[in-house]
Structures are given as structure tokens and as C-alpha cells.
Colleague: 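After the C-alpha cells below, expect a handful of questions from me.
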Protein chains: 2
Amino acid sequence: MAREKKIDMVVLGLLSHEPLTGYDIKKEIDGAISFFWKGSFGNIYPTLKELEAQGLVARSAGKTEESGREKIAYSITDSGREALKEWLNDEKVSNELRYETLLKLFFGGNAGRDITLKNIEAFERKIAADLKLLKFYKGNLEKVLDDEDHVYFYLTVSFGVETYEAYLKWCAKAKKLLKERIKR
Amino acid sequence: MAREKKIDMVVLGLLSHEPLTGYDIKKEIDGAISFFWKGSFGNIYPTLKELEAQGLVARSAGKTEESGREKIAYSITDSGREALKEWLNDEKVSNELRYETLLKLFFGGNAGRDITLKNIEAFERKIAADLKLLKFYKGNLEKVLDDEDHVYFYLTVSFGVETYEAYLKWCAKAKKLLKERIKR
DNA sequence: GTGCTAATATATCAAACAGATACATCAAAA
DNA sequence: TTTTGATGTATCTGTTTGATATATTAGCAC
């Protein structure tokens, strides 16, 4: 992660669709994107400032835009779009999983099968709930695939559905194995 | 991540099997564990010091243990085992993905189908290579399942195999969809 | 029409982490 | 012989997370 910020590209990517405030960006990231990437105010606001200084984004509506309410919407510039394309065109990626569930599973020998089973079941419940949401997204996107952008959203959500179903399949197998081979 | 260190538990978990140096720990993490968790010297060494101060680990072999070579091996204490069990017994987990591939896919509309296809193919190659390694691990573990610890290692590796196969399945589908629906 | 609550919105901070690098020792190959 | 690569400890910078502080505004109850 260090030495190559990715949140920059998340922000630019979201702004490539429409102008947004920092708060809007946070909301978007907390939606479908949160399944594969996260963001916080702690890096969104500083990033917006940096990107503005670099000329990759611009304020599309300054302070006090009607009411006295402070609200700063940003939009992407041409250089911003170029930077986004450059990143997309670079094959190099870093994909990182940090699965505490698997960590607990790996060291499960220290706690015994009952506790491991309990942990797997908690994981299973969470995944089943998220899968429902993903399938809902997928169903909606299927209806609007003639829009080019939606093709990409659809593929992303499909990735989630496919992998979450594999997780559930594994959960069933794992539970069976742990129950069958009774602890001596 | 902040406010809840997990690397502590990785270190304790590894030391629960055998005494290790910081360097050994790094090597272990870079092996099978790296599929679902990572660690760096930058947090392993400070963690060992903290755990030692807390009495959860102890130096099992001090400096200059035969030759003049500096080598500090740590082993887990009873309190350390207790802390590990407490963590294992806590159902709360945070599972995080940070998939730059999916980020590029999600914003693929800005670059076009050819570039997105190229990125999917790079992902596919990487996953196919890693899957081979995972299957090799799995094959070896299948032979020694009578050891209780190996059951947990086996389940962890199985998780990897299962999900990586789902990734490849998705890659095939995604490539097909992107090629079929020719860009207008 | 006043007070309460939730959502909106900007902003900063400390802790945790990744990746790089520095430095040193040692074994084996070239 | 030297130089390469593995071992080993350690630190630094930049990035990210999660928490928190501070206001404003809209909706609702009373």
C-alpha cells in the first residue's frame, strides 16, 4: 500500500461518473464498493485537497452555494481522467485479503473443534446475509446492462456472488469434516 | 485496523507451535498464511517486544547462543496461550478484502473493454499459478489428517482452493460477457 | 414553535500497517 | 577470492483505519 495510494483512484473513479462532496464519496464507498474496498473521512478529505492541488479535480460548487451551508462538491478534470486511465492501463495490482476468520481457523488447534465450529457458523451467517444483498444488486443490474458502465458494475457484483457462494459451499464442507472426525 | 492489532495473534499463534525468531515468523507468514494475512518486519519486531513486555512471550535463546551470531528466539508463555484462546473464543472478526483488480473492474468504463480484458487475464494468470501451489499444499495435508493441527491447516487451504476455483470460473464468464457483447 | 433526533458535512488525530531500506553476519558458489 | 544470496535485527515513511470533534439542517413529536 505504502508509496502508492489507491484511494486517489477510488475518488477519481467515483468523480468520473458525477460531481460529489466528500461526504457523498464516503456514502458511495460504503455501498457496493465496500465489498472489495474501504475508505474513511480520514483519507477522503486529505485526498480531495491533494487532488485539487494537482489539478486532477476541481471544486464545482464552492462554499455557501445557496443557503449558508458549507458544501464543497468536486468534479473531475481532464487531467484527472487521464490519470485514471493511466492507472487502469497499468497491469500491476495488489490484491490483499485480511481474513480474521481464516486466521482463527488456522490456529484453531489451540481452542478446539467446538469453538472453531462456532466461528465458522458466525462467518456463514454474515456471508449468507451479504450474499442476499449482492444478489439483489445483481438482479437490478441485469435489467440495465445496455448501459456500458453497468456492465462493469454487473461484473463486479457477479464476482462477489460467485465467491460468496463458494464460501458457503466451503462452510458446509468444513462443518461436516469437523463434526464427522470426532475429536479423540 | 487501528485500535485492534491482529498481528499480535498471528505471532502468538505461530509461537504456539514452536519457538521462532522474528525472521522465522516473517518466513512463516510469507508461506501458506500469506493467502489470507500478511505481516512485515515493521510490525513483527515491535510486536515481539510488546508481547515480551506483557509477559505473553519470552526469549528462549538470548544473544550469542553458540557462535557470536545475534539470534533471538521467542517462545509463548502460559499467559500467551491464554490470550490466544481468549481471542479464538471471541466471535467478533473483521474480514477485509482490498482487491485492486475489482477496483479497476468497477471503474473499467473509463478505459474500455480491451484494457479491462487485459486486467482480467493478468488476474487469471496470477490466480491459476497460486491455485497450483494451494492444491499442492492441500495434497500434502490430506495425507496427515490424523494430526489434529493439520485438520485446521487443511481446512484453511481448502478455503483457498475453493475460492480460487470460483475466481477462475468468474474470469471465464467475465471474459465471455465482455467479448460477446461487442462494444458499440 | 420548541426541543429532540438523525442525517448531512467537513475535518483532524492516533494507532496500525506495508514496503522499503539499512546494516551486519555467514555459507556457498563462481 | 570475492561476491552473491540467505539469514537476522531494526527503523522510517507514507498510507489507511477508526474514532472523534464540531456544526448545520430537516423532520417529527409534543
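A note on names: the letters A, B, ... follow the listed sequences, proteins ahead of strands, and every chain is numbered from 1. Predicted model only: the values in this text are computed from it and were never measured. Reckoned from all heavy atoms, side chains included, excluding hydrogens, waters and symmetry mates.
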Colleague: Look at the side chain of A:Arg98 and decide which nucleotide, out of C:dA18, C:dT21, C:dT8, has an atom nearest to it.
Modeller: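 Among the listed nucleotides, the one closest to the side chain of A:Arg98 is C:dA18.
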
Colleague: Assign B:Lys26 to base, sugar-phosphate, or nothing according to its heavy-atom contacts below 4.0 angstrom with the strands shown.
Modeller: nothing

Colleague: For B:Lys38 and C:dA16, what is the distance between atoms NZ and P respectively, to the nearest whole Å?
Modeller: 21 Å

Colleague: Pick base, sugar-phosphate or nothing for B:Ser40, based on heavy-atom distances below 4.0 Å to the nucleic acid.
Modeller: base

Colleague: Mind checking A:Gly42 for me? I need base, sugar-phosphate or nothing, with any heavy atom below 4.0 Å counting as a touch.
Modeller: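 Here A:Gly42 touches the bases of the nucleic acid.
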
Colleague: Parallel, tilted or perpendicular, judged at 30° and 60°: which one describes the rings of B:His17 and A:Phe107?
Modeller: tilted

Colleague: Rounded to the nearest angstrom, tell me the gap between atom CD in A:Glu50 and atom P in D:dG14.
Modeller: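 So the CD-P distance, A:Glu50 to D:dG14, works out to 11 Å.
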
Colleague: Could you tell me how far apart B:Lys71 (NZ) and C:dC23 (P) are, to the nearest whole angstrom?
Modeller: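 After rounding, the reported distance stands at 24 Å.
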
Colleague: Would you check if the distance from the ring center of A:Phe106 to the ring center of B:Tyr152 is below 6.0 Å?
Modeller: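 Centroid distance A:Phe106-B:Tyr152: not below 6.0 Å, so no.
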
Colleague: If you look at every strand shown and take non-hydrogen atoms under 4.0 Å, does A:Asn43 touch a base, only sugar-phosphate, or nothing?
Modeller: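 Base: the residue A:Asn43, judged by heavy atoms under 4.0 Å, touches a nucleobase.
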
Colleague: Rounded to the nearest Å, what distance is computed from the CD atom of residue B:Glu28 to the C1' atom of nucleotide D:dT7?
Modeller: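 About 15 Å, once rounded to whole Å.
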
Colleague: Looking at every heavy atom in both A:Leu48 and A:Val57, which two are closest together, and how far apart are they?
Modeller: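 Smallest heavy-atom distance, with atoms named: O-CG2, 4.0 Å.
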
Colleague: Whole-Å distance between D:dA6 C1' and B:Lys27 NZ?
Modeller: 9 Å

Colleague: Rounded to the nearest angstrom, tell me the gap between atom NZ in B:Lys92 and atom P in D:dG18.
Modeller: 12 Å

Colleague: When the nearest nucleotide of DNA chain D is assigned to A:Gly39 and to B:Tyr45 on a heavy-atom basis, which residue is associated with the more 5' position?
Modeller: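 Final value for this comparison: B:Tyr45.
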
Colleague: Within the pair B:Thr21 and D:dT9, is there a side-chain N or O less than 4.0 Å away from OP1 or OP2?
Modeller: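 Result: yes.
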
Colleague: Round to a whole Å and report the spacing from CD1 of B:Ile7 to C1' of D:dT17.
Modeller: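 My rounded result for the distance is 16 Å.
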
Colleague: Does A:Lys49 put a side-chain nitrogen or oxygen below 4.0 Å from OP1 or OP2 of C:dT12?
Modeller: yes

Colleague: How many whole angstroms separate atom CD1 of B:Ile72 from atom C1' of D:dG8?
Modeller: 9 Å

Colleague: Just compare D:dG8, C:dG19, C:dA11 and give me whichever is closest to any side-chain atom of A:Phe41.
Modeller: C:dA11

Colleague: How close do A:Leu134 and A:Val157 get, counting heavy atoms only, and between which atoms?
Modeller: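 The pair with the smallest heavy-atom distance is O-CG1, 3.3 Å.
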
Colleague: Where is the tightest heavy-atom contact between A:Leu12 and A:Gly80, given as atom of each residue plus distance?
Modeller: CD1-O, 3.9 Å

